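First comes the structure, then the notes that go with it.
None of these values were measured; they are calculated from a predicted model.
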Amino acid sequence: PCQSTANTVCYSYFPGSEVCPGGTTHCSSTGGGGGGGGSDPVDCSPGPWSSWGACSATCGGGTQVRTRQVWEPSSFGGAACSLAESRDCNTADCSGGGGGPTPVDCVMSPWSAWSACSVDC
């Protein structure tokens with residue numbers, strides 16, 4: 001990594017090119033060395049979140065999950081990325097107004113094509 005003038009950590013995505021994450025701003029390498037012999041921590045850079053997945057239950061409480069990928073892993077002790085997140089969904093009670101289960105409509109697949117006629121004219 002290198003440091004831009006705004007202290008943004010940048011990474012080399014293409015040979016000979018330093019590109020800052022999330023944009024096209026170029027920065028130049030600060031060169032090697034420095035007095036400490038170590039490098040500053042670089043936090044993980046994650047990609048965007050996926051859409052929320054389907055709920056695991058139709059009533060009574062379920063869970064939805066979404067994920068994301070790592071664009072640039074952490075290094076030198078930087079913070080790791082959170083790659084999965086969950087939330088509650090369909091938390092309504094499963095009992096209907098009369099104490100029975102809540103009705104759930106049937107979901108059918110599309111009709112298939114007609115078969116050949118069984119009688120020749």
(request) Considering non-hydrogen atoms only, spot the tightest contact between Ser51 and Arg66 and give its length. (result) O-CB, 3.7 Å

(request) Measure the shortest side-chain to side-chain distance between Asp43 and Ser74 over non-hydrogen atoms and say whether it is less than 4.5 angstrom. (result) no

(message) With heavy-atom distances below 4.5 Å as the criterion, would you say the side chains of Pro46 and Glu72 are in contact?
(response) no

(request) Taking all non-hydrogen atoms of both residues into account, name the closest pair between Arg68 and Pro48 and its distance. (result) CB-O, 3.2 Å

(request) Report the distance from atom CG of Asn90 to atom CD of Gln64, rounding to the nearest 0.5 Å. (result) 7.5 Å

(request) Compare all side-chain heavy atoms of Gln69 with those of Trp49 and state whether any distance is below 4.5 angstrom. (result) no

(request) Grab the two heavy atoms, one from Pro41 and one from Gly77, that are nearest each other, plus how far apart they are. (result) CB-C, 4.0 Å

(message) Restricting to non-hydrogen atoms, name the atom on Ser56 and the atom on Cys89 that form the minimum distance, rounded to 0.1 Å.
(response) N-SG, 4.4 Å

(message) For a quick test of reading the model, state the closest non-hydrogen atom pair linking Cys94 to Gly60 and the distance between them.
(response) SG-N, 3.4 Å

(request) List for me each residue that meets side-chain contact (heavy atoms from CB on, under 4.5 Å) alongside Val70, sequence neighbours excluded, and say none if there are none. (result) Cys44, Pro73, Cys81, Leu83

